[in-house]
Amino acid sequence: MSLPSGAFPKSKRLRHKHHFKYVFDRAKRIECPSVRVYFTNALNEHGQVGFIASKKIGSAVVRNKSKRIMRECYRHLQSNFTREVDMILVAKKSEMIILDVKSSMKTGMEKHKLLKYE
RNA sequence: AAGCGCGGGCACACAGUCGCCUCUUCGGAGGAGGAAAGUCCGGGCUCCGCAGAGCAGGAUGCCUUCUAACGGAAGGACGGGGUAACCCGAUGGAAAGUGCCACAGAAAAUAUACCGCUUUCGUUCAUUUGAAAGUAAGGGUGAAAUGGUGAGGUAAGAGCUCACCGGGCUUUUGGCAACAAGGGUCGCAUGGUAAACCCCAUCCGGAGCAAGAUCAAAUAGAGGAAAAGAAACGGCUCGUUUCGCUAUGAUUCCUGGGUUGAUUGCUUGAGCUUCUUGGCAACAAGCGGCCUAGAUAGAUGACUGUGCCAGACAGAACCCGGCUUACCGCCUGCGCUUAUAA
RNA sequence: CGGGGCGUAGCGCAGCCCGGUAGCGCACCAGUUUUGGGAACUGGUGGUCGCAGGUUCAAAUCCUGUCGCCCCGA
């Protein structure tokens with residue numbers, strides 16, 4: 001399987017409360033079966049992303065797992081973005097399968113012309 | 001061999017690619033747990049008066065030892081369970097006091113007398129019925145009924161007397177102690193409940209790393225009140241009283257402000273461990289060796305391949321010692337019982 | 001990290017302090033009334049008292065552990 005390589009350092013993460021608020025206030029929403037995506041134009045030079053898994057999802061293990069899966073999907077998709085956006089991914093389900101999440105995110109983003117067509 | 005009992009260990013492994021965090025001598029190295037969990041206890045650490053006294057409140061509760069400390073552990077005593085190995089136990093005090101014990105029952109804590117039993121006196125055809133006295137053996141109720149069983153004894157009965165069992169008091173021996181064993185004595189006098197209030201003994205100051213400290217930026221650099229008594233009022237971290245400390249400005253109180261980010265605290269510690277010594281043991285002492293996550297919207301993941309028993313419960317957030325709860329299974333040591341064979 | 005509260009009938013709540021009978025309202029069922037329905041009236045059904053263990057003669061109530069939910073403070 002040929003994965004697009006992508007570095008994902010800490011500077012690409014959403015770090016602060018006010019930054020989260022900035023995104024939520026002016027975001028558009030994409031609904032996928034297991035993930036909800038908020039996005040808007042980037043505040044800084046390059047796009048940043050945050051992950052949310054609330055206590056409704058499950059225990060600490062489940063929440064960590066779903067965050068990792070969302071992060072992995074973002075990492076694979078980020079090189080195909082057409083423009084720099086800030087993004088928040090919210091987990092909706094406790095059970096996630098990485099390929100399903102990735103493909104549903106991909107189709108959803110293509111509709112909003114965030115992704116280049118391959 | 002089967003069925004049990006008591007421990008100990010592991011928690012998918014290996015290889016490759018991409019990605020994340022920390023450290024770095026820039027080659028690389030390290031990177032969640034036995035419970036990291038629940039937050040049920042105990043400590044360290046930090047600040048508040050480096051914390052004193054009383055009351056209130058709370059916790060613990062057979063004895064001794066271990067420990068920094070504990071509600072933990074070890075060893076023992078007693079009681080209970082098991083054929084046994086072994087396991088379980090909030091196990092101080094009810095003659096300090098108060099309360100409660102539904103229903104049933106004569107009576108529920110006071111020695112009383114419902115049905116009874118017996119004698120005497122009267123009455124009657126009649127052991128029919130009435131009165132007085134004695135009695136608590138028997139009856140039914142209840143979770144629980146004032147020692148139990150047997151014999152003697154008696155009008156009927158009764159520790160009234162005796163034997164055995166149980167109990168109280170006292171004493172001797174053993175033991176650090178809990179307690180055990182034995183002797184003497186008392187015919188036996190006072191149910192249960194303290195996970196009801198309570199009494200006794202021991203212990204506990206309060207708050208918590210979002211504690212606390214530093215730096216930068218922004219905002220503010222303000223307004224009002226308090227004057228010689230070291231007295232009152234107030235303040236000094238959150239049950240309360242007391243004690244102690246506390247001043248005229250660089251102080252205290254009220255109003256206003258009290259925000260954001262970074263650094264630190266942050267991992268070398270009551271640390272782990274080989275051996276030796278002491279101890280029944282928990283554990284302690286000595287010598288040597290080792291360094292084992294440190295994130296801060298919160299790091300361990302994804303994919304591929306191989307193998308097998310097909311991977312459970314579950315994610316560090318200041319740090320330790322416990323307890324409790326969750327858990328697919330696998331490996332292993334010692335011991336007990338039963339059966340068979342030799 | 002710390003603190004507090006609640007789990008009782010299908011729903012909302014009493015009862016718990018001080019232990020012995022589980023009750024109230026709505027809902028549900030049956031009957032009366034009405035031409036029929038609603039309303040009203042009468043009667044009735046329905047509860048492992050979140051779960052497990054203990055204390056006690058006896059536990060919704062007391063104690064311990066545990067599960068779930070909600071709220072508050074820094």
Side-chain angles (χ1 to χ4, degrees):
Chain A
M1 191 168 177
S2 65
L3 291 173
S5 65
F8 190 65
K10 209 186 270 182
S11 60
K12 287 199 176 177
R13 303 288 290 275
L14 276 175
R15 304 290 294 277
H16 304 302
K17 203 171 183 176
H18 60 87
H19 203 158
F20 271 85
K21 200 159 188 261
Y22 166 83
V23 176
F24 273 124
D25 281 350
R26 57 200 76 191
K28 290 185 177 176
R29 217 165 67 178
I30 304 171
E31 292 285 350
C32 306
S34 54
V35 180
R36 179 177 296 153
V37 181
Y38 294 90
F39 71 96
T40 187
N41 292 326
L43 187 69
N44 300 321
E45 288 186 8
H46 39 250
Q48 287 165 292
V49 65
F51 307 98
I52 293 177
S54 74
K55 257 189 180 172
K56 271 186 193 171
I57 297 296
S59 62
V61 173
V62 173
R63 295 200 302 271
N64 278 345
K65 183 98 181 170
S66 58
K67 277 186 182 180
R68 283 172 192 148
I69 286 170
M70 289 189 293
R71 200 182 63 193
E72 195 68 14
C73 295
Y74 179 84
R75 198 168 69 80
H76 290 166
L77 292 171
Q78 64 176 353
S79 59
N80 289 344
F81 282 171
T82 51
R83 57 193 165 106
E84 295 295 337
V85 290
D86 285 345
M87 191 177 283
I88 294 172
L89 305 181
V90 182
K92 287 160 71 179
K93 280 188 195 170
S94 57
E95 292 182 2
M96 294 175 126
I97 302 164
I98 187 157
L99 290 175
D100 296 352
V101 174
K102 192 178 163 187
S103 62
S104 65
M105 275 172 65
K106 197 173 173 184
T107 54
M109 289 181 182
E110 278 168 352
K111 274 186 193 168
H112 286 78
K113 297 179 181 177
L114 282 175
L115 286 178
K116 298 171 195 164
Y117 291 98
E118 289 177 355

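Residue numbers begin at 1 in each chain, while the letters A, B, ... track the order of the sequences. Values below: every heavy atom of this structure, side chains too, minus hydrogens, waters and symmetry copies.
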Between [atom2] of [N] and [atom1] of [X], the distance in whole Å:
{"X": "A:Leu99", "N": "B:U304", "atom1": "CG", "atom2": "P", "answer": "8 Å"}
{"X": "A:Arg75", "N": "B:C21", "atom1": "CZ", "atom2": "C1'", "answer": "15 Å"}
{"X": "A:Glu72", "N": "B:G301", "atom1": "CD", "atom2": "P", "answer": "11 Å"}
{"X": "A:His76", "N": "B:C303", "atom1": "NE2", "atom2": "P", "answer": "9 Å"}
{"X": "A:Ile52", "N": "B:A297", "atom1": "CD1", "atom2": "C1'", "answer": "8 Å"}
{"X": "A:Arg71", "N": "B:A297", "atom1": "CZ", "atom2": "C1'", "answer": "12 Å"}
{"X": "A:Arg63", "N": "B:A36", "atom1": "CZ", "atom2": "P", "answer": "19 Å"}
{"X": "A:Leu77", "N": "B:G19", "atom1": "CG", "atom2": "C1'", "answer": "15 Å"}

Quick one: classify the glycosidic conformation of [N] as syn or anti, with syn meaning within 90° of 0.
{"N": "B:C200", "value": "anti"}
{"N": "B:G27", "value": "syn"}
{"N": "B:G174", "value": "anti"}
{"N": "B:U127", "value": "anti"}
{"N": "B:U64", "value": "anti"}

For [N], the Watson-Crick or wobble counterpart (both distances under 3.5 Å):
{"N": "B:C169", "result": "B:G184"}
{"N": "B:G234", "result": "B:U246"}
{"N": "B:A77", "result": "B:U91"}
{"N": "C:G37", "result": "none"}
{"N": "B:A36", "result": "none"}
{"N": "B:A13", "result": "B:U306"}
{"N": "B:A281", "result": "none"}
{"N": "C:C13", "result": "C:G23"}

Taking atom [atom1] in both [N] and [M], what distance in whole Å separates the two?
{"N": "B:A213", "M": "B:C47", "atom1": "C1'", "answer": "11 Å"}
{"N": "C:A60", "M": "C:U21", "atom1": "C1'", "answer": "13 Å"}
{"N": "B:A111", "M": "B:G191", "atom1": "C1'", "answer": "13 Å"}
{"N": "B:A143", "M": "B:A102", "atom1": "C1'", "answer": "12 Å"}
{"N": "B:G16", "M": "B:G43", "atom1": "C1'", "answer": "49 Å"}

With sugar-phosphate meaning primed atoms plus P, OP1 and OP2, does A:Phe51 contact a base, only sugar-phosphate, or nothing at under 4.0 Å between heavy atoms? nothing
Ignoring hydrogens and angles, tell me if any N or O in the side chain of A:Gln48 forms a donor-acceptor pair with the backbone of A:Ser11 under 3.5 Å.
yes
query = Taking A:Lys67 for the side chain and A:Ala91 for the main chain, is one N or O donor matched with an acceptor at less than 3.5 Å?
reply = no
Per atom distances to the A:Pro9 side chain, the nearest of B:G19, B:C20, B:U300 is B:C20
*Evaluate side chain to side chain contact (heavy atoms under 4.5 Å, CB included) for A:Asn41 paired with A:Arg83, printing each intermediate quantity in order.*
CA-CA 8 Å; A:Asn41 292 326; A:Arg83 57 193 165 106; 2.7 Å; yes
Where do N or O atoms of nucleotides 311-315 of chain B meet protein N or O atoms at under 3.5 Å, pair by pair?
{"residue": "B:G315", "atom": "N7", "partner": "A:Asn64", "partner atom": "ND2", "Å": "3.3"}
{"residue": "B:G315", "atom": "O6", "partner": "A:Arg68", "partner atom": "NH1", "Å": "3.0"}

Quiz item: If we only count heavy atoms from C-beta on, is the A:Leu89 to A:Met105 side-chain gap below 4.5 Å?
Solution: yes
Exercise. Can you check whether A:Val37 reaches A:Met87 side chain to side chain, under 4.5 Å on heavy atoms?
Worked result: yes
